[in-house]
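Just so it is clear, the model here is predicted, and its values are computed rather than measured. Within every chain, numbering begins at 1; the chains are lettered A, B, ... in the order of the sequence lines, protein sequences first and strands thereafter.
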Amino acid sequence: MDPHGYEHLTPAEAIAYQNQLRQKINICELTTPIKTIAGADISFDKNSDILYAGIVVFRYPDMQVITTATAISHTSFPYISGLLAFREVPALFNAWNNLYSKPDILVLDGQGIAHERRMGIATHFGLLTGVPTIGSAKSRLYGKYIEPADKLFAESPMYDNNELVGIALRSKPRCKPIYISPGHNINMQQSVDVIKNCIRGYRIPEPTRQAHLLVNKIRIENGDNRTKQMGLFD
DNA sequence: GCGACAG
DNA sequence: ATCTTGTCGC
């Protein structure tokens, strides 16, 4: 299904589609070398249906920025926990198609398989494009775990019963952990290792961190800030 | 019925 | 996610 058709789906239909897609998920060792890595993120104005998507590509593992791509899209699919992909993937896909050369792997702001149906946004985007993906979330959606030690790179497994679905990673001391899970075409261990290599002193790994800065910048540049502007007319 | 709930 | 300055803690 073309992602541009997502906005016409009902929540029930979106869930049915996730159950269809999950059968194609591939969690296994990535054997091709990683020479480039990218981060993707979305920004939007509180009371608007416009999404600002951005992708930043880096050379790996030195993390020097190579290029970026953005896209401004409209959406009508609301944010529903567990169905985030149906709201953000269309915009991210547009930004992706604006990239001249694709990265070897992509990090998304959200879950991979650490999801009730194993269909977090990173997994969804990986299945759509075929690119290996990793989910790096700032908060937990699914999976039980114990708090990792307050030490850099301390890890704690996240489970769905006996199934390992993610890793809570302390990316920075005295900060809440981040939640890592493979999206598609890569395994759990490699996902965590890659993210560790992308930590540069901040809680958020560089790919996603830079993508976040980029999308916020283009949102402001486009003046999509009705809250402030409306105040001028009161 | 109650608690949880990516961005 | 976004709205927002200063402020408590390491």
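Taking only side-chain nitrogens and oxygens, A:Lys138 comes nearer than 4.0 Å to OP1 or OP2 of B:dG7. Residue A:Asn47 places no side-chain N or O under 4.0 Å from the OP1 or OP2 atom of C:dT2.
Between A:Val194 and A:Ile34 there is a side-chain heavy-atom pair separated by less than 4.5 Å. Considering only heavy atoms from C-beta on, A:Pro177 comes within 4.5 Å of A:Glu147 through its side chain. Using a 4.5 Å heavy-atom threshold, the side chains of A:Lys138 and A:Ile204 count as touching.
What separates CZ of A:Arg87 from P of B:dG7 is a distance of 13 Å, to the nearest Å. Spacing between atom CG of A:Leu213 and atom P of C:dT2 amounts to 11 Å, rounded to whole angstrom units. Whole-Å rounding puts the A:Arg219 CZ to B:dG7 P distance at 16 Å. A straight line from CZ of A:Phe86 to C1' of C:dA1 spans 19 Å, rounded to a whole angstrom. One can place CD1 of A:Ile50 at 18 Å from C1' of B:dG7, the figure rounded to the nearest angstrom. Between A:Ile204 atom CD1 and C:dA1 atom C1' the separation is 13 Å, expressed in whole Å. Between the P atom of B:dA6 and the CE atom of A:Met158 lies a distance of 12 Å, rounded to the nearest Å. At whole-Å resolution of the value, CD1 in A:Ile220 and P in C:dC3 are 6 Å apart.
Using a 4.0 Å cutoff on non-hydrogen atoms, the parts of residues 139-148 of chain A near DNA chain B are A:Ser139, A:Arg140, A:Leu141, ordered by number. A heavy atom lying under 4.0 Å from DNA chain B marks the following residues of residues 111-122 of chain A, by number: A:Gln111, A:His115, A:Gly120, A:Ile121. For residues 70-84 of chain A, proximity to DNA chain B is found at A:Tyr79, A:Ser81, A:Gly82, A:Leu83, A:Leu84, defined as any non-hydrogen atom under 4.0 angstrom from a strand atom.
Here A:His212 lies in heavy-atom contact (under 4.0 Å) with sugar-phosphate atoms only. Nucleic acid contact for A:Asp150: none, since no nucleic acid atom lies under 4.0 Å from a heavy atom of the residue.
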Could you write out DNA chain C as dot-bracket? Rules: Watson-Crick or G-U wobble, both distances under 3.5 Å, brackets [ ] for crossings, | for pairs with another strand, dot for unpaired. ..........
Output field dot_bracket for DNA chain B (Watson-Crick or G-U, both distances under 3.5 Å, | for other-strand pairs) contains .......
With side chain to side chain donor-acceptor pair (under 3.5 Å) as the test, would you mind laying out the steps for A:Gln64 and A:Arg59 before giving the verdict? CA-CA 5 Å; A:Gln64 291 308 299; A:Arg59 200 166 59 197; 5.7 Å; no
A:Asn197/A:Tyr60 under side chain to side chain donor-acceptor pair (under 3.5 Å): CA gap, chis, key distance, verdict: CA-CA 9 Å; A:Asn197 289 332; A:Tyr60 183 89; 2.7 Å; yes
For salt bridge (Lys or Arg N to Asp or Glu O under 4.0 Å), just list the numbers for A:Arg22 and A:Glu116, CA-CA rounded to whole Å, side-chain angles, deciding distance to a tenth of an Å, and then say yes or no. CA-CA 11 Å; A:Arg22 70 180 297 181; A:Glu116 181 177 11; over 6 Å; no
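Taking the side chain of A:Ser43 as heavy atoms from C-beta on, and the options C:dC3, B:dG7, C:dA1, the nearest nucleotide is C:dA1.
Partner of A:Asp160 under the side-chain hydrogen bond (donor to acceptor under 3.5 Å, both in side chains) criterion, chosen from A:His115, A:Lys144, A:Arg118: A:Arg118.
In this structure, CD1 on A:Ile180 lies 9.0 Å from CD on A:Gln111, to the nearest 0.5 angstrom. Going from atom OG of A:Ser139 over to atom OH of A:Tyr179 covers 7.0 Å, rounded to the nearest 0.5 Å. Note: A:Thr70 OG1 to A:Ile72 CD1 = 6.5 Å, rounded to the nearest 0.5 Å. Separating the CD1 atom in A:Ile218 from the OG1 atom in A:Thr68 is a distance of 9.0 Å, to the nearest 0.5 Å.
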I'd like a list of close polar pairs between nucleotides 6-10 of chain C and the protein, N/O only, cut-off under 3.5 Å.
from   : atom 1 : to       : atom 2 : distance (Å)
C:dC10 : O3'    : A:Arg174 : NE     : 2.8
C:dC10 : O3'    : A:Arg174 : NH2    : 3.0

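Under the 4.5 Å side-chain heavy-atom criterion for grouping Ile, Leu, Val, Met, Phe, Trp and Tyr, A:Ile167 is connected to A:Ile195 within one hydrophobic cluster.
Side-chain N or O atoms of A:Asn187 include one that pairs as donor or acceptor with a backbone N or O of A:Gln189 at under 3.5 Å. Using modelled atom types, one side-chain atom of A:Arg140 and one backbone atom of A:Gly143 make a donor-acceptor pair closer than 3.5 Å. Between the side chain of A:Glu13 and the main chain of A:Thr10, a donor-acceptor pair closer than 3.5 Å is present. A donor-acceptor contact shorter than 3.5 Å is absent between the side chain of A:Arg170 and the backbone of A:Leu152.
Cation-pi geometry between A:Arg87 and A:Phe77 is not satisfied (NZ or CZ under 6.0 Å from the ring centre, within 45° of the ring normal). Judged by a 6.0 Å distance limit and a 45° cone about the ring axis, A:Lys196 is positioned over the six-membered ring of A:Phe153.
A distance of 6.0 Å or more separates the ring centres of A:Phe93 and A:His124.
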